[in-house]
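Structure first, commentary second.
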Amino acid sequence: MLAENKTKHKSYDRMLILLYIALVLIGWLTIFSSSYTPGSDFSLLNLDMAYGRQFLWIIISAVFAISILLVDGRFIQSHAYHIYLIFMVLCVSVLFLGTEISGAKSWIKIGSFSIQPIEFAKFSTALALAMFFSEGKTASQRKTIWLSAFVIILIPAGIAILQKDTGSALVFFAFIIMFYREGFSSELMILGLLTIVTFVLTLWWNELYTIAFLTVLLVISIFIVNGNTKKIIKCVCVYGCFIALVFAVNLAYTHVLQPHQRQRIDTIFGKSVDPKGADFNLNQSKIAIGSGGFFGKGYMNGTQTKLNFVPEQSTDFIFCGIGEEWGFIGSLFIIGIFMTIIIRIILLSEKHKSHFVRVYGYGVASILFFHLIINIGMTIGLVPVIGIPLPFISYGGSSLWGFTLLLFIFIKLNAE
Amino acid sequence: MNPIFERRKRIIILAMCILASLYLLKLFGLQVVDKKYKEAAERNAIREITITPPRGLIYDRNDSLLVYNEAAYDLMVIPKDVREFDTTDLCNTLDITKEELIKRLEKARNYSPLLPSIIEQQMKKEDYGYLQEKMHKFPGFFVQNRILRSYPVPIAAHILGYIGEVTEEQLTNDSYYQMGDYIGISGIEKSYEEELRGVKGKHMVLVDVNNREQGSYKNGAEDVEAIPGKNLWSTLDMGLQKYGEWLMEGKKGSIVAIEPATGEVLCIVSSPSYDPNLLVGKNRSKNYAALNADMNNTPLFNRALKACYPPGSTFKLANGLIAQQERVIVPSTYYSCGGGYTFGSHRLKCHSHAGSDLIDAVRCSCNAYFCHAFYNTVSNRRYRTIQEGYQVWKDHINQLGFGQKFNTDLPYESKGIIPSVEFFNTRYNGHWNGNSIISMAIGQGEVGATPMQMANLLAIIANRGYYYKPHVVRAIGTKDTPNTRYAQKIDAGIEQKYFTPIIEGMRLVVTSGTGRQAQVPGIEIAGKTGTAQNPHGEDHSVFACFAPVDHPQITVFVLVENGSWGGVLAARIASLITEYYFNREIKQTEKEKQVRDHKIYYRNNAR
């Protein structure tokens with residue numbers, strides 16, 4: 001089998017592997033900085049410390065990565081649905097056998113370590129979708145292709161919601177980017193986006209401005225369709241629906257919601273301040289990143305992260321440590337590496353002859369991009385606090401292994 | 001395969017890049033443009049601990065310690081950092097009620113949510129140790145070291161003064177102070193506040209989210225060391241001060257002793273006094289209120305500087321000098337007495353004697369002599385009107401230190417009373433003459449002087465014509481750095497030769513006159529008795545002297561309220577003070593016993 005592989009190799013993409021190693025190292029260094037107290041005993045494999053455990057996770061990841069590269073790509077492809085099924089079953093079993101950690105029942109305890117199966121559902125769902133789109137379809141199957149595709153992502157998302165892990169549930173909707181590439185209707189994409197925008201604007205701004213905004217969009221679209229009466233009518237109809245949506249949202253906000261629910265929405269949109277709860281954490285997170293300046297305070301010199309002002313600073317809020325100690329340069333570097341990885345994956349996918357590999361590649365890019373945007377966005381207050389990790393960097397075995405498998409399966413498939 | 005969708009690749013990449021760029025823009029704003037996060041981070045994690053330098057110590061003129069510092073601990077709070085904590089636990093540890101704690105927190109918050117305020121002050125070491133173990137449970141609170149003033153010998157309370165928390169007014173006027181700081185409120189503590197307080201330092205420490213200290217910030221690179229306050233050497237003689245206070249126990253009155261050659265105050269007793277240790281620490285306000293409420297003894301009232309007495313016969317010395325300087329008498333000028341000074345239908349009594357020259361008049365304190373001399377001074381034919389004549393006399397008496405404050409480091413002085421020309425013009429409707437104000441000739445009537453002013457008059461006489469303003473601090477920083485603020489020699493406006501007959505008369509007072517009780521074996525003393533008439537009761541006993549006559553080293557002024565004739569009690573006290581000063585021991589034990597046993601009955605509220 002090994003000999004066979006060698007002949008088939010195009011060779012693994014070195015750039016992706018190097019960038020992966022870079023991110024993992026940066027992650028470990030940041031975890032080390034926030035968990036190591038200068039002067040205390042240092043041992044790389046000190047499992048009492050976060051940096052020691054993360055080092056162990058990294059070694060195990062390396063084992064996973066190498067194993068993937070040794071396995072035959074066709075084996076993975078042929079068992080895509082099986083892998084998907086196995087992890088779905090595992091995730092469901094968590095609902096019954098799992099332990100609850102910080103509100104989410106998404107962990108399985110093995111000895112003193114816990115793993116989070118939903119992290120593995122990401123790559124398995126990507127595999128299943130790749131399989132699904134690359135299979136030959138009958139005419140009747142084509143009619144319901146999007147329905148079936150949505151079922152594939154709704155299953156893990158639903159399980160995540162049952163596990164009270166909303167953040168992970170949202171991740172599966174990142175595959176819509178892949179759907180778009182595979183031919184999902186632009187109009188539906190736009191309508192979906194517009195619905196979200198209308199929703200947010202109505203709650204965050206006010207209904208009059210939102211209506212004005214929608215009217216401007218209508219005028220622009222009428223110009224674009226350029227006299228096509230049928231399309232103009234369509235635009236006006238859609239416009240009417242959105243105006244109705246604005247009023248519905250507004251009505252629901254003022255008359256249906258309880259005051260405390262309104263308060264929560266206001267806090268999410270920054271209209272009112274809740275200095276003790278989530279807002280306190282967000283504020284501390286912004287202070288840590290903002291105090292980094294252009295060049296940062298220097299490695300191991302971050303005061304906010306070192307002194308625990310930032311919550312979850314090794315996991316979901318790890319970007320704070322980078323922003324504080326490495327400044328804007330660090331932010332630029334991290335986002336730069338991620339964007340390079342994502343665009344590289346898209347370009348490689350497009351070049352690849354196999355439909356399966358292309359779909360899977362887009363899946364990987366979609367997941368990574370969604371994580372990047374949501375994770376960094378929440379630390380700087382651009383999106384509500386949704387607890388999902390920064391890939392390869394955040395502390396945690398399950399997420400590191402999940403992302404490592406996600407990426408290395410692509411590297412492996414791409415090389416065939 | 002859907003080749004028509006291939007351009008969607010570009011749309012996807014473009015959208016992703018736009019979003020990533022927007023994020024970088026936002027991060028640039030957050031990290032580079034907006035500076036407020038840097039400040040917030042410092043407020044978060046860096047706590048500035050003010051290092052209050054030790055307050056300067058105060059020594060007496062012979063290096064004996066008068067005031068030193070003791071360690072204490074204040075529990076501070078930064079209201080903004082306070083998060084939920086176990087109030088019951090804290091209240092129990094501090095032994096205060098929950099309402100009290102809430103009240104104090106509210107006060108701190110009103111002062112400033114960001115700056116530290118005191119919650120509990122001056123905890124003893126033991127209490128602090130107990131609290132220290134629990135500090136991590138109380139985010140926003142921390143402990144600051146403090147000093148308390150302490151007095152090894154409880155004397156000179158009025159002069160040393162005391163310290164207390166700064167008032168809100170002082171806080172707004174002087175940015176050096178923070179709420180809870182101590183400031184000198186009276187006495188030397190107030191006059192030399194800037195020298196004694198030193199310069200504050202600061203120590204930057206890192207604190208974590210639970211307000212636990214996590215070591216120094218930048219290894220102390222931004223710390224500022226505190227500069228300790230300067231030590232002071234007082235002019236006071238601790239032994240003399242202590243002895244004087246002991247002699248005055250149970251009596252109301254004052255003893256002031258000055259070194260005439262320098263104006264340095266050797267002792268300044270105001271009785272009744274109080275233990276300065278009472279105005280230190282937690283119970284300061286309570287004790288202060290109690291002292292303040294004691295209307296019978298008025299222990300807080302500094303009689304030596306604030307009480308304005310009719311100076312009595314000792315004032316004749318001043319009038320004798322002025323009359324000579326104005327050339328209305330010469331030493332041989334003789335006035336007959338015959339039991340008093342008669343003017344119009346009035347008669348100012350004197351004891352029965354035929355008459356006297358100046359020296360003899362001083363010796364036997366002849367009222368008539370000084371009335372004539374005073375009348376001739378103010379009604380001098382050289383001046384056309386009484387107003388002019390009186391103004392000349394008033395200028396002289398002001399030059400001799402009366403009717404005005406010294407404005408040195410002495411706390412809260414009274415000006416004394418020397419009425420203005422206008423005062424008498426108003427009182428007598430413009431028609432008055434020397435006889436209208438004749439009581440002033442013998443130190444009665446409208447004139448009022450503080451014991452310090454009288455002691456200073458004696459210093460002028462001892463110096464034969466000049467003085468240095470009385471003051472209580474002689475060196476600042478080191479013993480060899482003299483306090484030069486009061487080194488200016490002040491001319492009293494009387495020529496030196498006019499002192500000779502006065503001093504001779506004073507010498508005779510002690511050897512053969514009214515002040516024989518003041519004698520000290522082996523020391524030649526010049527003195528003057530006084531009996532200040534007191535409309536409210538028994539006369540005040542007054543004695544003023546200096547010694548030795550030829551090279552004076554000390555002038556002593558004693559006033560005992562309701563102590564009766566000055567020749568006995570006040571003279572004895574002056575004698576003992578002089579003896580102690582020169583010999584450091586008392587051989588006149590009989591005299592000492594008489595003074596200690598001398599009981600004076602004070603009616604309530606009589607002063």
Side-chain angles (χ1 to χ4, degrees), chain A residues 37-39 177-178 180-184 186 276 280 283-284 286-297 301-304 306-311 319 323-324 327-332 335-336 338-339 342-343 346-347 349-350 355 358 362 365-366 369 372-373 376-377 379-382, chain B residues 1-47 80-84 113 139 204-219:
Chain A
T37 324
I177 301 172
M178 173 224 278
Y180 176 67
R181 170 64 185 84
E182 292 309 312
F184 190 61
S186 309
K276 274 197 177 150
F280 174 80
N283 199 33
Q284 292 299 339
K286 280 162 97 172
I287 287 171
I289 295 171
S291 65
F294 193 81
F295 291 107
K297 296 177 184 170
N301 285 338
T303 53
Q304 307 302 297
K306 248 195 144 34
L307 302 171
N308 301 316
F309 283 96
V310 181
F319 187 70
E324 188 184 15
F328 178 68
I329 294 290
S331 311
L332 187 68
I335 292 178
F338 270 109
M339 290 311 291
I342 290 162
I343 292 171
I346 291 176
L347 294 178
S349 308
E350 288 287 349
H355 191 186
R358 187 182 80 204
Y362 266 93
S366 308
F369 186 72
L372 175 76
I373 291 303
I376 294 182
T379 61
I380 56 180
L382 287 177
Chain B
M1 292 282 187
N2 297 297
I4 45 157
F5 296 131
E6 260 180 40
R7 80 185 170 107
R8 290 190 173 184
K9 170 187 85 176
R10 265 171 257 142
I11 294 173
I12 289 171
I13 292 177
L14 190 68
M16 284 178 169
C17 287
I18 289 172
L19 203 50
S21 308
L22 285 176
Y23 267 49
L24 284 172
L25 214 61
K26 168 79 181 175
L27 280 163
F28 189 79
L30 200 69
Q31 297 186 284
V32 184
V33 181
D34 200 334
K35 300 290 173 214
K36 78 175 181 208
Y37 294 105
K38 278 180 198 68
E39 289 158 25
E42 293 193 355
R43 273 208 307 278
N44 253 348
I46 300 171
R47 195 171 65 213
K80 189 190 139 284
D81 295 344
V82 174
R83 255 162 260 145
E84 265 176 53
M204 312 286 234
V205 290
L206 293 173
V207 290
D208 70 4
V209 68
N210 295 320
N211 202 34
R212 278 176 292 226
E213 280 185 27
Q214 302 287 323
S216 70
Y217 175 63
K218 289 190 186 169
N219 276 324

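Since we're looking at a predicted model, the values are computed, not measured. Chain letters run A, B, ... following the sequence lines, proteins first, then strands; residues in each count from 1.
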Scanning both residues in full, the closest heavy-atom pair of B/Arg8 with A/Phe184 reads NH1-O, 2.6 Å
Which atoms form the tightest heavy-atom contact between B/Tyr23 and A/Ile335, and what is the distance? CB-CD1, 4.4 Å
Atom CD in A/Glu350, atom CD1 in B/Ile12: separation rounded to 0.5 Å? 8.0 Å
Where do B/Ala41 and A/Lys297 come nearest, in terms of heavy atoms and distance? CB-NZ, 4.1 Å
B/Ile11 portion near chain A, given a 4.5 angstrom heavy-atom threshold: side chain
Of the listed A/Gly336, A/Ala288, A/Ser186, the one with the largest count of heavy-atom pairs under 4.5 Å with chain B is A/Ser186
Scanning both residues in full, the closest heavy-atom pair of B/Gln31 with A/Ser331 reads OE1-OG, 2.7 Å
A/Ile346 side, atom CD1; B/Ile13 side, atom CD1 - distance, nearest 0.5 Å: 5.0 Å
Heavy-atom closest pair (B/Lys38 atom, A/Gly290 atom, distance to 0.1 Å) is NZ-O, 3.8 Å
Using non-hydrogen atoms and a 4.5 Å limit, figure out which bit of B/Lys9 sits close to chain A: side chain, backbone, both or neither. both
Portion of B/Leu24 that has a non-hydrogen atom of chain A nearer than 4.5 angstrom: both
Roughly how far apart are B/Glu42 CD and A/Gln304 CD, rounded to 0.5 Å? 9.5 Å
In Å and rounded to the nearest 0.5 Å, what is the CD to CD1 distance from B/Glu39 to A/Ile287? 11.0 Å
How long is the straight-line distance from CD1 of A/Ile289 back to CG of B/Leu27, given to the nearest 0.5 Å? 6.5 Å
Heavy-atom nearest pair, A/Ser291 first then B/Tyr37, reads CB-O, 3.7 Å
Region of A/Phe369 that comes under 4.5 Å of a non-hydrogen atom in chain B: side chain
Using a cut-off of under 4.5 Å on heavy-atom pairs, state which of A/Ile373, A/Ile177, A/Thr303 scores highest against chain B. A/Ile373
Give, as side chain, backbone, both or neither, the part of A/Tyr362 having an atom under 4.5 angstrom from any heavy atom of chain B. side chain
